[in-house]
Amino acid sequence: MAVVIAILNEIQTYSTFILKPWWNMCVATIAIFVAVIFGQFKAGLARPYDAVKAVLNMHTLLGWSLSGIIAAITAWRYVLRTRNSEKLSIHYIVAGLFLTLIVGLQVYLGDELVWVYGLHTVPVVEALKNGILR
């Protein structure tokens, strides 16, 4: 959302949109850290079988990477905001679009864990307990 608002602000300056991307990124930075920490607890409770381990490891790595990437982009946005709050660098907007793609990949991997591999679902947990899946 912050990227969309930033692009709209670049196309036509809306005075009410100037600070919204900054606050969106601040909230996103805090939210991603909370989500990753809870995700780590949830992954720790799971008993992943062999077929799911690669996707789970990629999802975990990407989650922690996103924490750092979003924090860095938020810090970059703060610097841009202090220099000139009404103008953004095209590089920042491209980085925001790239970040959007990474978040999309993270969501896809999380969905794959649940919908394809059934991680944390009752039938898979029961199959693991009964030794059907390893």
Side-chain angles (χ1 to χ4, degrees):
M1 186 59 140
V3 174
V4 173
I5 293 172
I7 291 171
L8 285 174
N9 197 43
E10 286 299 310
I11 294 171
Q12 182 169 348
T13 303
Y14 296 101
S15 61
T16 58
F17 281 176
I18 291 173
L19 294 178
K20 283 186 171 69
W22 157 247
W23 290 109
N24 281 346
M25 290 302 294
C26 285
V27 171
T29 301
I30 295 166
I32 192 71
F33 278 104
V34 171
V36 168
I37 290 168
F38 280 109
Q40 280 300 128
F41 285 128
K42 189 175 178 181
L45 295 174
R47 291 178 44 198
Y49 50 100
D50 292 337
V52 76
K53 286 183 181 177
V55 177
L56 182 60
N57 289 339
M58 181 63 164
H59 184 68
T60 302
L61 177 67
L62 195 56
W64 283 108
S65 299
L66 272 172
S67 298
I69 292 168
I70 290 176
I73 289 177
T74 302
W76 184 14
R77 177 66 175 107
Y78 177 77
V79 170
L80 293 173
R81 178 179 175 234
T82 56
R83 289 184 183 164
N84 182 2
S85 65
E86 295 186 20
K87 204 70 176 147
L88 288 177
S89 159
I90 188 70
H91 303 313
Y92 173 81
I93 293 173
V94 170
L97 292 172
F98 179 69
L99 175 64
T100 303
L101 291 173
I102 295 173
V103 169
L105 176 61
Q106 178 71 343
V107 169
Y108 172 78
L109 291 173
D111 288 348
E112 186 177 8
L113 288 171
V114 173
W115 293 104
V116 174
Y117 295 108
L119 205 62
H120 302 296
T121 60
V122 174
V124 172
V125 171
E126 291 297 322
L128 284 166
K129 284 181 183 176
N130 296 332
I132 298 168
L133 288 174
R134 295 172 197 224

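Just so you know, these numbers come straight off a predicted model, no measurement behind them.
Linking Ile, Leu, Val, Met, Phe, Trp and Tyr whenever their side-chain heavy atoms come within less than 4.5 Å puts Leu109 and Phe98 in one cluster. Each of Met58 and Val114 belongs to its own hydrophobic cluster when Ile, Leu, Val, Met, Phe, Trp and Tyr are linked at side-chain heavy-atom distances under 4.5 angstrom. When the side chains of ILVMFWY residues are joined at heavy-atom separations under 4.5 Å, either directly or via intervening members, Val103 and Val94 end up in two distinct hydrophobic clusters.
Of the inter-residue distances, the one linking Leu62 atom CG with Tyr108 atom OH reads 13.5 Å to the nearest 0.5 angstrom. Put simply, CD1 on Ile70 and OG on Ser65 are 11.0 Å apart, with the number rounded to the nearest 0.5 Å. Distance check: Arg81 CZ to Thr74 OG1 gives 12.0 Å after rounding to the nearest 0.5 Å. With rounding to the nearest 0.5 Å, the separation of CD1 in Ile32 from CD in Gln106 is 7.0 Å. Taking CH2 of Trp64 as the start and CD1 of Ile69 as the end, the distance is 13.5 Å to the nearest 0.5 Å.
Using a 4.5 Å heavy-atom cutoff, the side chains of Leu80 and Trp76 are in contact. The closest side-chain heavy-atom distance from Leu56 to Thr60 is below 4.5 Å.
Residues Ser67 and Val36 come closest through the heavy atom pair OG-CG2, 3.5 Å.
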Yes or no on side chain to side chain contact (heavy atoms under 4.5 Å, CB included) for Leu99 and Met25, after CA distance, side-chain angles and deciding distance?
CA-CA 11 Å; Leu99 175 64; Met25 290 302 294; 4.1 Å; yes
Take Ile102 and Leu66, measure what side chain to side chain contact (heavy atoms under 4.5 Å, CB included) needs, and give me the verdict at the end.
CA-CA 8 Å; Ile102 295 173; Leu66 272 172; 3.4 Å; yes
